[in-house]
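One structure below.
A, B, ... follow the sequence lines: proteins, then strands. Residue 1 opens every chain. Here the structure is a predicted model, which means the values were calculated and not measured.
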2 protein chains.
Amino acid sequence: MRMHNPPHPGEIIKSLCLEPVGLTVTEAAEGLGVSRKTLSAILNGRSGISPEMAIRLSIAFNTSAESWLSQQVQYDLWHAEQGRKALKVIKLAA
Amino acid sequence: MRMHNPPHPGEIIKSLCLEPVGLTVTEAAEGLGVSRKTLSAILNGRSGISPEMAIRLSIAFNTSAESWLSQQVQYDLWHAEQGRKALKVIKLAA
DNA sequence: CGCTATCGTAACCCGAGGCGTTACAGATTA
DNA sequence: TAATCTGTAACGCCTCGGGTTACGATAGCG
(Lines give C-alpha, C1' and ligand atoms only; values in the text may rest on other atoms or scores of the structure.)
Protein backbone atom coordinates (compact mmCIF):
# COMPACT_ATOMS: atom_id res chain seq x y z
CA MET A 1 0.00 0.00 0.00
CA ARG A 2 1.24 3.43 -0.91
CA MET A 3 2.14 5.56 2.09
CA HIS A 4 0.75 8.88 1.08
CA ASN A 5 -2.56 9.90 -0.36
CA PRO A 6 -1.98 10.38 -4.08
CA PRO A 7 -3.26 13.71 -5.45
CA HIS A 8 -6.57 13.72 -7.22
CA PRO A 9 -6.14 13.90 -11.01
CA GLY A 10 -8.23 17.07 -11.01
CA GLU A 11 -5.49 18.92 -9.19
CA ILE A 12 -3.01 17.89 -11.85
CA ILE A 13 -5.31 19.10 -14.60
CA LYS A 14 -5.67 22.41 -12.88
CA SER A 15 -2.00 22.99 -12.20
CA LEU A 16 -0.59 21.49 -15.38
CA CYS A 17 -3.17 22.29 -18.03
CA LEU A 18 -5.28 25.24 -17.04
CA GLU A 19 -3.13 27.58 -14.97
CA PRO A 20 -0.03 27.52 -17.21
CA VAL A 21 -2.11 28.66 -20.18
CA GLY A 22 -4.38 30.92 -18.20
CA LEU A 23 -7.39 28.87 -19.13
CA THR A 24 -10.68 29.54 -17.44
CA VAL A 25 -12.73 26.65 -16.08
CA THR A 26 -15.56 27.84 -18.29
CA GLU A 27 -13.35 28.03 -21.37
CA ALA A 28 -11.79 24.65 -20.70
CA ALA A 29 -15.19 23.06 -20.20
CA GLU A 30 -16.38 24.43 -23.51
CA GLY A 31 -13.25 23.25 -25.23
CA LEU A 32 -13.59 19.79 -23.76
CA GLY A 33 -17.20 19.68 -24.87
CA VAL A 34 -18.40 19.19 -21.32
CA SER A 35 -20.56 21.21 -18.94
CA ARG A 36 -18.84 23.61 -16.58
CA LYS A 37 -20.29 21.69 -13.68
CA THR A 38 -18.73 18.45 -14.83
CA LEU A 39 -15.26 19.92 -15.19
CA SER A 40 -15.58 21.78 -11.91
CA ALA A 41 -16.48 18.56 -10.13
CA ILE A 42 -13.35 16.92 -11.48
CA LEU A 43 -11.06 19.84 -10.69
CA ASN A 44 -12.32 19.85 -7.11
CA GLY A 45 -12.01 16.12 -6.64
CA ARG A 46 -15.71 15.38 -6.50
CA SER A 47 -15.66 13.27 -9.67
CA GLY A 48 -13.16 10.91 -11.17
CA ILE A 49 -11.71 10.83 -14.67
CA SER A 50 -13.89 8.62 -16.83
CA PRO A 51 -12.44 6.88 -19.91
CA GLU A 52 -14.33 9.33 -22.11
CA MET A 53 -13.02 12.31 -20.18
CA ALA A 54 -9.50 10.92 -20.43
CA ILE A 55 -9.85 10.90 -24.20
CA ARG A 56 -11.21 14.44 -24.21
CA LEU A 57 -8.20 15.55 -22.15
CA SER A 58 -5.83 13.74 -24.47
CA ILE A 59 -7.26 15.55 -27.47
CA ALA A 60 -7.51 19.00 -25.92
CA PHE A 61 -4.11 18.98 -24.27
CA ASN A 62 -2.27 16.64 -26.58
CA THR A 63 -1.51 14.20 -23.83
CA SER A 64 -1.95 10.51 -23.16
CA ALA A 65 -5.40 9.30 -22.20
CA GLU A 66 -3.77 6.36 -20.52
CA SER A 67 -1.77 8.55 -18.19
CA TRP A 68 -4.89 10.27 -16.97
CA LEU A 69 -6.64 7.00 -16.30
CA SER A 70 -3.56 5.61 -14.61
CA GLN A 71 -3.53 8.51 -12.22
CA GLN A 72 -7.21 7.91 -11.55
CA VAL A 73 -6.49 4.25 -10.86
CA GLN A 74 -3.78 5.17 -8.37
CA TYR A 75 -6.19 7.48 -6.64
CA ASP A 76 -9.09 5.04 -6.57
CA LEU A 77 -6.89 2.18 -5.50
CA TRP A 78 -5.36 4.08 -2.64
CA HIS A 79 -8.79 4.88 -1.27
CA ALA A 80 -10.03 1.33 -1.80
CA GLU A 81 -6.97 0.03 0.09
CA GLN A 82 -8.14 1.96 3.11
CA GLY A 83 -11.02 -0.50 3.44
CA ARG A 84 -8.89 -3.55 2.74
CA LYS A 85 -9.28 -5.02 6.21
CA ALA A 86 -13.06 -4.97 5.89
CA LEU A 87 -12.96 -7.43 2.99
CA LYS A 88 -13.58 -11.06 3.83
CA VAL A 89 -11.32 -12.78 1.33
CA ILE A 90 -9.70 -16.22 1.51
CA LYS A 91 -6.32 -16.93 -0.04
CA LEU A 92 -6.87 -19.23 -3.00
CA ALA A 93 -3.33 -19.48 -4.33
CA ALA A 94 0.20 -19.20 -3.04
CA MET B 1 -4.93 3.82 -30.43
CA ARG B 2 -4.16 0.18 -29.90
CA MET B 3 -4.73 -1.98 -32.96
CA HIS B 4 -6.34 -4.99 -31.43
CA ASN B 5 -9.10 -5.41 -28.96
CA PRO B 6 -7.44 -6.12 -25.62
CA PRO B 7 -8.82 -9.16 -23.80
CA HIS B 8 -11.29 -8.61 -21.03
CA PRO B 9 -9.65 -9.00 -17.60
CA GLY B 10 -12.21 -11.68 -16.82
CA GLU B 11 -10.65 -13.98 -19.39
CA ILE B 12 -7.27 -13.55 -17.76
CA ILE B 13 -8.72 -14.38 -14.37
CA LYS B 14 -10.28 -17.51 -15.74
CA SER B 15 -7.24 -18.76 -17.62
CA LEU B 16 -4.58 -17.68 -15.13
CA CYS B 17 -6.22 -18.05 -11.75
CA LEU B 18 -9.09 -20.51 -11.86
CA GLU B 19 -8.26 -23.14 -14.46
CA PRO B 20 -4.63 -23.76 -13.40
CA VAL B 21 -5.77 -24.56 -9.88
CA GLY B 22 -8.97 -26.27 -10.91
CA LEU B 23 -11.03 -23.70 -9.08
CA THR B 24 -14.76 -23.66 -9.55
CA VAL B 25 -16.53 -20.37 -10.21
CA THR B 26 -18.64 -21.05 -7.17
CA GLU B 27 -15.61 -21.78 -5.00
CA ALA B 28 -13.72 -18.76 -6.26
CA ALA B 29 -16.70 -16.51 -5.65
CA GLU B 30 -16.97 -17.72 -2.09
CA GLY B 31 -13.25 -17.27 -1.54
CA LEU B 32 -13.37 -13.77 -2.94
CA GLY B 33 -16.31 -12.96 -0.69
CA VAL B 34 -18.51 -12.10 -3.63
CA SER B 35 -21.70 -13.55 -5.07
CA ARG B 36 -21.38 -16.19 -7.74
CA LYS B 37 -23.31 -13.95 -10.10
CA THR B 38 -20.86 -11.11 -9.66
CA LEU B 39 -17.84 -13.24 -10.43
CA SER B 40 -19.59 -14.90 -13.34
CA ALA B 41 -20.40 -11.51 -14.84
CA ILE B 42 -16.73 -10.55 -14.66
CA LEU B 43 -15.47 -13.83 -16.08
CA ASN B 44 -17.82 -13.46 -19.02
CA GLY B 45 -16.96 -9.85 -19.69
CA ARG B 46 -20.27 -8.40 -18.62
CA SER B 47 -18.76 -6.45 -15.72
CA GLY B 48 -15.47 -4.68 -15.20
CA ILE B 49 -12.94 -5.01 -12.41
CA SER B 50 -13.76 -2.51 -9.69
CA PRO B 51 -11.05 -1.20 -7.36
CA GLU B 52 -12.52 -3.29 -4.57
CA MET B 53 -12.56 -6.41 -6.74
CA ALA B 54 -8.96 -5.76 -7.73
CA ILE B 55 -8.00 -5.82 -4.07
CA ARG B 56 -9.96 -9.02 -3.49
CA LEU B 57 -8.11 -10.63 -6.40
CA SER B 58 -4.78 -9.42 -5.08
CA ILE B 59 -5.44 -11.01 -1.71
CA ALA B 60 -6.88 -14.28 -2.96
CA PHE B 61 -4.32 -14.88 -5.67
CA ASN B 62 -1.39 -13.04 -4.17
CA THR B 63 -1.11 -10.68 -7.13
CA SER B 64 -1.00 -6.95 -7.73
CA ALA B 65 -4.29 -5.06 -7.50
CA GLU B 66 -2.74 -2.43 -9.71
CA SER B 67 -2.13 -4.89 -12.53
CA TRP B 68 -5.78 -5.92 -12.56
CA LEU B 69 -6.96 -2.35 -12.70
CA SER B 70 -4.42 -1.53 -15.37
CA GLN B 71 -5.78 -4.28 -17.53
CA GLN B 72 -9.26 -2.97 -16.94
CA VAL B 73 -8.12 0.51 -17.95
CA GLN B 74 -6.64 -0.84 -21.18
CA TYR B 75 -9.89 -2.57 -21.92
CA ASP B 76 -12.11 0.40 -21.09
CA LEU B 77 -9.88 2.81 -22.91
CA TRP B 78 -9.82 0.75 -26.07
CA HIS B 79 -13.60 0.69 -26.17
CA ALA B 80 -13.86 4.38 -25.38
CA GLU B 81 -11.44 5.12 -28.23
CA GLN B 82 -13.91 3.57 -30.61
CA GLY B 83 -16.19 6.55 -30.02
CA ARG B 84 -13.41 9.10 -30.22
CA LYS B 85 -14.64 10.73 -33.40
CA ALA B 86 -18.02 11.42 -31.82
CA LEU B 87 -16.46 13.72 -29.23
CA LYS B 88 -16.57 17.43 -29.93
CA VAL B 89 -13.32 18.56 -28.42
CA ILE B 90 -11.21 21.60 -29.25
CA LYS B 91 -7.44 21.57 -28.96
CA LEU B 92 -6.49 23.84 -26.08
CA ALA B 93 -2.73 23.34 -26.02
CA ALA B 94 0.06 22.35 -28.38
C1' DC C 1 -21.16 52.03 -7.34
C1' DG C 2 -23.17 48.97 -10.66
C1' DC C 3 -22.28 45.59 -14.43
C1' DT C 4 -20.10 41.44 -15.90
C1' DA C 5 -17.51 37.30 -15.60
C1' DT C 6 -15.97 33.35 -13.12
C1' DC C 7 -16.71 29.76 -10.00
C1' DG C 8 -18.49 26.37 -6.66
C1' DT C 9 -22.54 23.97 -5.70
C1' DA C 10 -27.19 22.59 -4.69
C1' DA C 11 -31.45 20.48 -6.71
C1' DC C 12 -33.24 17.48 -10.19
C1' DC C 13 -33.38 14.09 -14.02
C1' DC C 14 -31.14 10.18 -16.62
C1' DG C 15 -28.68 6.14 -17.61
C1' DA C 16 -24.97 2.96 -16.51
C1' DG C 17 -22.80 -0.16 -13.59
C1' DG C 18 -21.49 -2.84 -9.38
C1' DC C 19 -23.46 -6.05 -6.02
C1' DG C 20 -26.91 -8.93 -3.66
C1' DT C 21 -30.73 -12.51 -3.66
C1' DT C 22 -33.79 -15.70 -5.74
C1' DA C 23 -34.89 -18.75 -9.31
C1' DC C 24 -34.71 -21.30 -13.46
C1' DA C 25 -32.71 -23.99 -17.39
C1' DG C 26 -28.97 -26.48 -19.30
C1' DA C 27 -24.87 -29.20 -18.84
C1' DT C 28 -21.85 -32.20 -16.39
C1' DT C 29 -20.80 -35.71 -13.24
C1' DA C 30 -21.27 -39.06 -9.51
C1' DT D 1 -31.45 -40.38 -11.47
C1' DA D 2 -29.70 -37.07 -8.30
C1' DA D 3 -26.39 -33.64 -7.18
C1' DT D 4 -23.34 -30.01 -8.72
C1' DC D 5 -21.86 -26.25 -11.52
C1' DT D 6 -22.93 -22.43 -14.57
C1' DG D 7 -24.98 -18.62 -17.05
C1' DT D 8 -28.46 -15.47 -16.73
C1' DA D 9 -32.96 -13.20 -16.15
C1' DA D 10 -35.67 -10.36 -12.88
C1' DC D 11 -35.72 -7.50 -9.03
C1' DG D 12 -33.96 -3.99 -5.76
C1' DC D 13 -30.33 -0.80 -3.92
C1' DC D 14 -26.79 2.58 -4.22
C1' DT D 15 -23.08 5.13 -6.47
C1' DC D 16 -21.52 7.98 -10.03
C1' DG D 17 -20.86 10.46 -14.52
C1' DG D 18 -23.22 13.98 -17.07
C1' DG D 19 -26.75 17.56 -18.37
C1' DT D 20 -29.63 21.75 -17.12
C1' DT D 21 -31.03 25.50 -14.22
C1' DA D 22 -30.21 28.67 -10.65
C1' DC D 23 -28.22 30.86 -6.67
C1' DG D 24 -24.69 33.24 -3.82
C1' DA D 25 -19.93 34.74 -3.47
C1' DT D 26 -15.84 36.89 -5.45
C1' DA D 27 -13.35 39.71 -8.36
C1' DG D 28 -12.44 43.02 -12.21
C1' DC D 29 -13.73 47.06 -14.67
C1' DG D 30 -16.17 51.16 -16.56
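- Rounded to a whole Å, the CZ atom of A:R46 is 15 Å from the P atom of C:dC7.
- Spacing between atom CG of A:L18 and atom P of C:dG8 amounts to 10 Å, rounded to whole angstrom units.
- Atom C1' of nucleotide C:dG18 and atom NE2 of B:H8 are separated by 12 Å, given to the nearest angstrom.
- Proximity of residues 48-56 of chain A to DNA chain D (heavy atom under 4.0 angstrom from any strand atom) is restricted to A:G48, A:S50.
- Between A:T38 and A:S47 there is no side-chain heavy-atom pair separated by less than 4.5 Å.
- Closest non-hydrogen pair, A:P51 versus B:D76, comes out as CG-CB, 4.0 Å.
- Note: CG (A:N44) to P (D:dC16) measures 16 Å, nearest angstrom.
- Atom CD of A:E30 is separated from atom C1' of D:dG19 by 15 Å (rounded to the nearest Å).
- What separates CG of B:L23 from C1' of D:dT6 is a distance of 15 Å, to the nearest Å.
- The interatomic distance linking B:H79 (NE2) with C:dG17 (P) rounds to 12 Å, in whole Å.
- The nearest pair of heavy atoms linking A:P7 to A:I12 is CG-CD1, 3.8 Å.
- Listed by first then second residue, pairs satisfying ring-ring contact (aromatic ring centres under 6.0 Å, His included) with a partner in residues 8-31 of chain A read A:H8-A:Y75, not counting sequence neighbours.
- In this structure, A:E81 pairs ionically with A:R84, as a charged nitrogen and a carboxylate oxygen lie closer than 4.0 Å.
- Taking atom OH on A:Y75 and atom P on D:dG17, their separation rounds to 11 Å, with Å as the unit.
- The minimum heavy-atom distance linking B:A28 with B:L18 is given by the pair CB-CD2, 3.7 Å.
- Of all heavy-atom pairs between B:P9 and B:W68, the closest is O-CZ3, 4.2 Å.
- Closest heavy-atom contact between A:A65 and A:S58: N-CB, 3.6 Å.
- For DNA chain D, the residues of residues 31-43 of chain A within the heavy-atom distance limit of 4.0 Å (strictly under) are A:G33, A:V34, A:S35, A:R36, A:K37, A:T38, sorted by number.
- The shortest non-hydrogen separation linking B:L32 to B:R56 is O-NH1, 2.8 Å.
- For A:T26 and C:dC7, the shortest distance from a side-chain N or O to OP1 or OP2 is below 4.0 Å.
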